[in-house]
There are 2 protein chains.
Amino acid sequence: MAATRTNEYGKGREALLAATVQVVAERGLHGLTLRAVAEVAGVNNTLISHHFGTKDALLHEAVAWATARAIRLSDLSAAETIDGSFAGALVELVTSEPHLQIFQYEFVLESRRRPDLRAEAVALYEGYIEGLELALARHGHADTKPLARAVFAALDGLVFQQLTVAEGIVVQPAIERIGTLLEASLAGSTARPLQEIGGAS
Amino acid sequence: MAATRTNEYGKGREALLAATVQVVAERGLHGLTLRAVAEVAGVNNTLISHHFGTKDALLHEAVAWATARAIRLSDLSAAETIDGSFAGALVELVTSEPHLQIFQYEFVLESRRRPDLRAEAVALYEGYIEGLELALARHGHADTKPLARAVFAALDGLVFQQLTVAEGIVVQPAIERIGTLLEASLAGSTARPLQEIGGAS
DNA sequence: GACGCAACTAAGCAATTGCATAGTTGCTAC
DNA sequence: GTAGCAACTATGCAATTGCTTAGTTGCGTC
């Protein structure tokens with residue numbers, strides 16, 4: 001349960017970044033100690049000072065490393081519609097790989113207190129939201145800027161719920177319900193475009 | 001910035017609970033130390049041991065104390081519709097009193113690692129969701145269980161965004177957009193109930 | 001008014017923390 | 001092969017941590 005990785009020469013830095021994500025996810029930011037990270041990474045704790053200088057710098061680097069991987073993971077969001085298969089894939093992702101998600105919530109919360117992390121947090125969220133906005137616009141939705149933010153918040157909030165208070169079995173239908181809500185909104189607005197365009201108000 | 005409260009005899013316990021919420025919100029769970037809490041509360045740090053025994057027990061009591069206040073705060077959710085005034089009130093709440101909200105996210109994340117906090121976290125979220133479900137059902141929405149979970153997740157996610165990466169000025173329209181989405185869904189389903197009931201599939 | 005007891009403080013200790021210092025190991029360029 | 005240098009380890013220390021022990025203070029009760 002402790003020393004997991006065995007490293008070849010030169011792989012220490014990467015191992016330390018991965019270990020940082022794992023330790024934060026498993027023990028929280030208050031469980032993030034140089035010795036804990038080093039033990040998980042299978043190296044000496046002073047190697048952290050060597051590569052990163054301080055603990056704060058280690059976390060910053062780990063955030064950059066993790067967000068780069070996170071945005072790639074969200075190839076999910078390339079999915080065009082929020083349907084059952086999207087919901088299943090998202091629930092499955094959270095079930096099988098919760099560490100990266102937990103780490104994200106921890107660091108975004110921390111970014112409120114550490115200005116040096118703000119940029120990464122903002123970029124991560126705005127990146128997600130912009131991608132989603134493009135997809136929504138492509139489908140003909142109106143008022144896509146606030147809509148994208150709201151829909152992303154719903155997905156984000158449901159992932160948060162699944163990680164903490166809810167089972168995948170109840171989260172999945174909630175994700176699908178977002179899809180039907182969007183469909184209904186689309187059907188309503190496209191079913192009566194002429195009246196609305198022509199109408200007063 | 002440090003020793004804030006001056007207490008009369010007998011008010012130490014309550015002051016310590018309030019200080020715990022404040023310290024967690026301002027410095028994170030890793031900044032939660034007995035001395036920090038005591039200093040904010042304006043008492044000696046050993047008083048924590050006297051009242052609560054351990055630091056873990058202090059956090060547990062603070063969670064119970066804070067969630068009791070949180071559910072009352074959410075008299076907001078007594079609002080029947082998600083409109084502009086609801087959105088404004090929610091944004092204003094988060095702006096003016098972020099401590100309690102931040103504390104909630106911190107402790108819910110922590111509840112993943114501390115089984116003794118799980119019950120409080122689940123009760124808090126399920127309480128919100130149940131209240132919301134009743135309101136949605138009253139308005140004639142269908143499939144309210146997953147819908148309530150999704151809508152709450154959206155509101156929760158938007159509060160999280162406002163606390164971390166977004167300004168109230170962009171969060172508020174996103175909240176309102178949830179309201180219009182729900183209206184549209186309602187209009188669509190009530191506009192053609194006969195066909196749907198009578199139709200196959 | 002003094003007894004009893006909860007609320008509270010003062011002092012300190014063992015363990016853990018981040019990190020500095022000093023050294024060793026292994027790759028790579030020539 | 002050996003010089004040079006990055007990657008890495010071992011040791012240790014000052015500061016902070018949670019919490020124990022031993023005491024003091026103030027309030028209600030009879």
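Quick note on labels: first sequence line is chain A, next is B, and so on, each numbered from 1. Quick note: numbers below take in every heavy atom, side chains included, and nothing from hydrogens, waters or symmetry partners.
In this structure, L34(A) atom CG and dT16(D) atom P are separated by 16 Å, rounded to whole Å. Atom-to-atom, CD1 of I48(A) to P of dA10(D) comes out at 15 Å; the value is rounded to the nearest Å. Rounded to a whole Å, the CG atom of L16(B) is 13 Å from the C1' atom of dT9(C). Counting to the nearest Å, the P atom of dT20(D) and the NZ atom of K55(B) are 15 Å from each other. Separating the CG atom of L59(B) from the P atom of dC19(D) is a distance of 12 Å, rounded to the nearest angstrom. The OH atom of Y9(B) sits 8 Å away from the P atom of dG26(D) (whole-angstrom rounding). Per the geometry, CG belonging to N44(A) stands 17 Å off P belonging to dA22(C), to the nearest Å. The nearest whole Å value for the distance from the CG atom in L47(B) to the P atom in dT24(D) is 18 Å.
Of the listed nucleotides (dT9(C), dC19(D), dT9(D)), dT9(C) has the atom at the smallest distance from the side chain of V43(B). Candidate nucleotides dC8(C), dC19(C), dC19(D) were compared by shortest atom distance to the side chain of T54(B), and dC19(D) ranks first. Nearest to the side-chain atoms of T46(A) among the listed nucleotides dT11(D), dT20(D), dT17(C) stands dT11(D).
A64(B) approaches E120(B) most closely through the heavy-atom pair CB-OE2, 4.3 Å.
Ring geometry for F160(B) against F160(A) counts as tilted: the plane angle lies between 30° and 60°, on a 0 to 90° scale. Between F103(B) and F107(B), the two ring planes are tilted [angle within 30° to 60°].
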Residues H139(B), T81(B); criterion side-chain contact (heavy atoms from CB on, under 4.5 Å); working and verdict: CA-CA 9 Å; H139(B) 280 71; T81(B) 57; 3.5 Å; yes
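H50(A) has a side-chain polar atom (N or O) that falls below the 4.0 Å cut-off from OP1 or OP2 of dA7(D).
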